[in-house]
2 protein chains.
Amino acid sequence: MTTAPATRILVVDDEPQIRSALDVNLRARGYAVDLAVSGEDALHRAAAHHPDLVLLDLGLPGIDGLEVVRGLRGWTAVPIIVLSVREAEADKVAALDAGADDYVTKPFGMNELLARLRATLRRHQPGPGQPVVRTDDFVIDLEAKRVVRGDVDVHLTPTEWAVVEYLVRHPGRLVTQRQLLQHVWGPQYESETNYLRVHLAAIRKKLEPNPSQPRYLITEAGMGYRFEL
Amino acid sequence: MTTAPATRILVVDDEPQIRSALDVNLRARGYAVDLAVSGEDALHRAAAHHPDLVLLDLGLPGIDGLEVVRGLRGWTAVPIIVLSVREAEADKVAALDAGADDYVTKPFGMNELLARLRATLRRHQPGPGQPVVRTDDFVIDLEAKRVVRGDVDVHLTPTEWAVVEYLVRHPGRLVTQRQLLQHVWGPQYESETNYLRVHLAAIRKKLEPNPSQPRYLITEAGMGYRFEL
DNA sequence: CCTTGGCGTCAAGAAGTCGCTAAGACGCGC
DNA sequence: GCGCGTCTTAGCGACTTCTTGACGCCAAGG
């Protein structure tokens with residue numbers, strides 16, 4: 001029997017006690033743990049090791065935890081669970097808005113944390129990780145970066161692919177214009193919604209059975225887009 | 001069987017009769033009660049004993065009850081239920097704006113008080129933050145920014161969503177008009193309650209089974225709104 | 001019994017957003 | 001330097017969403 005590679009978790013916290021408590025408990029459950037002590041450290045380690053999940057304390061010295069969330073979301077959809085003290089209610093909402101997946105309030109029970117961690121991982125690995133998304137009208141192979149409609153290949157330009165991939169990797173979920181822009185074009189883009197309009201139109205023309213009445217790539221006016229299975 | 005440690009309640013009131021009435025009734029229900037006779041006393045005792053809930057009379061000699069709320073919120077998110085006489089309407093709103101969780105008007109029925117107390121404790125227990133909120137009539141997915149009623153999607157506009165999200169993220173708690181306005185429209189808005197009326201009406205039409213007799217989005221006249229699970 | 005204040009409702013106009021098209025700019029391989 | 005695919009930019013009508021004001025209702029208080 002081959003052993004599945006361990007799930008890699010990046011723990012970001014400046015308090016040594018919490019760091020080592022998490023380290024011990026996670027290792028005991030068979031996770032591979034990477035530790036970061038600051039926001040900068042976290043961003044570097046994430047870029048270097050591509051963890052499967054990030055456990056992020058919001059109250060960091062230096063770079064704010066919120067900035068770390070944004071920094072990560074600029075290029076990756078890795079699930080992020082935020083830790084914060086109860087007072088920082090507004091920060092938690094802001095973190096979720098910035099793209100965090102869940103949050104746990106300190107002080108937390110280790111069991112609750114582990115449960116949320118498993119739930120978040122489960123959500124982000126739909127079953128035995130199927131890199132292929134099927135609809136009635138087309139098939140998207142995320143691994144091979146191919147789209148087939150009927151029985152012919154559909155060619156997507158790089159930008160179109162980036163948009164489609166991001167939407168498809170968050171099925172059913174509302175993706176804000178900011179999220180899409182920053183993921184596809186870069187962190188400094190946030191208000192160029194005309195890019196999205198043009199490229200979405202092009203994508204719909206290629207994928208939707210009836211581009212003028214989209215069934216899969218839904219616009220939510222004033223908010224963003226949603227990929228409907 | 002291990003005995004759960006008693007829930008600790010800090011009672012703050014300068015009137016001896018009310019203090020002892022609360023003391024007796026709360027002890028009879030198995031709560032551990034700590035008594036404070038003034039605002040200063042309350043702040044000291046809260047810092048020393050970390051109560052699980054604070055019952056705070058607004059009409060205190062010396063430090064105002066409002067200041068006590070602010071003082072507590074500076075470092076703890078302990079639930080606060082405010083007691084006040086009916087006349088002090090403005091004080092109640094101010095206390096809620098400062099971060100109190102609920103209020104009870106004096107003279108109060110002991111049963112009502114106990115019910116609110118249990119409700120407040122209950123919702124502070126399991127940590128907030130489920131990304132999905134269910135009621136008998138609809139499901140709100142905070143993560144996906146999606147609302148389903150029965151089995152059809154309900155479409156919310158950006159403003160409607162912002163209002164619903166804020167209320168739902170503070171379930172059971174009385175949210176003042178100010179809080180909603182400033183969170184949704186921005187800091188400079190505080191008295192445009194007509195916005196709230198119009199948008200709440202639209203939301204109720206979409207979510208409530210009987211919009212003219214709301215079950216979930218409750219209006220508290222003169223104060224604000226409450227999302228009741 | 002009447003006034004007052006807060007709320008719900010409705011409708012119309014204002015403001016904002018989106019889809020679509022087409023033209024110009026860019027970058028890469030040849 | 002040329003051509004091709006691709007991306008950016010601009011503009012317009014259509015549509016969605018927000019704001020605003022008027023009106024009626026109800027409860028509290030004089």
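Naming convention: chains lettered A, B, ... in sequence-line order (proteins, then strands); numbering from 1 in each chain. The shown structure was predicted, so the numbers you read here are calculated from the model rather than taken from an experiment.
- When rounded to the nearest whole Å, the span between CD1 of Ile203(B) and P of dG8(C) equals 11 Å.
- Across all strands, Trp185(B) comes closer than 4.0 Å only to sugar-phosphate atoms, never to a base (heavy-atom distances).
- The closest side-chain heavy-atom distance from Leu56(B) to Val69(B) is below 4.5 Å.
- Distances from the side chain of Ser212(B) to the nucleotides dC18(D), dC20(C), dT9(C) place dT9(C) closest.
- In this structure, CD of Glu220(A) is placed 19 Å from P of dC15(D), rounded to the nearest angstrom.
- Nearest nucleotide to the Pro158(A) side chain, out of dC7(D), dC10(C), dT21(C): dC7(D).
- When side chains are defined from C-beta on, Arg73(B) counts as touching Ile80(B), because their heavy atoms get closer than 4.5 Å.
- What separates NZ of Lys206(A) from C1' of dC20(C) is a distance of 16 Å, to the nearest Å.
- Taking only side-chain atoms of Arg197(A), from C-beta outward, the nucleotide of dT9(C), dC7(D), dC20(C) with the closest atom is dC20(C).
- When the side-chain nitrogen and oxygen atoms of Tyr225(A) are compared with OP1 and OP2 of dG19(C), one or more of them lie within a distance under 4.0 Å.
- For His199(A), whose side chain is taken as the heavy atoms from C-beta onward, the closest listed nucleotide among dT8(D), dT17(D), dT6(D) is dT8(D).
- For the pair Leu181(B) CG and dC18(D) C1', the computed distance is 14 Å after rounding to whole Å.
- Distance from the side chain of Val198(B) is smallest for dT9(C) among the nucleotides dC7(D), dC18(D), dT9(C).
- Under 4.0 Å is where a charged nitrogen must lie from a carboxylate oxygen, and between Glu15(B) and Lys106(B) at least one such pair does.
- Within 4.0 Å (heavy atoms only), Tyr189(A) reaches no atom of the nucleic acid at all.
- Separating the CE atom of Met223(A) from the P atom of dT17(C) is a distance of 13 Å, rounded to the nearest angstrom.
- A salt bridge does not link Asp64(B) with Arg70(B): every distance from a Lys NZ or Arg NE/NH1/NH2 to an Asp or Glu carboxylate oxygen is 4.0 Å or more.
- Taking atom CG on Leu180(A) and atom P on dT17(C), their separation rounds to 17 Å, with Å as the unit.
- Heavy-atom nearest nucleotides on DNA chain C were determined for Lys205(A) and for Gln177(A), and the one closer to the 5' end corresponds to Gln177(A).
- In this entry the distance linking CD1 of Ile218(A) with P of dG19(C) reads 10 Å, nearest Å.
- The Thr219(A) side chain lies nearest to dG19(C) when the options are dC7(C), dG19(C), dC18(D).
- Taking the six-membered ring for Trp and the full ring otherwise, the centers of Tyr166(B) and Phe227(B) sit at least 6.0 Å from each other.
- Remark: P of dT8(D) and CD of Gln188(A) are 12 Å apart, rounded to the nearest angstrom.
- Listed candidates were dT19(D), dT17(D), dT9(D). Nearest to the side chain of Asn194(A) is dT9(D).
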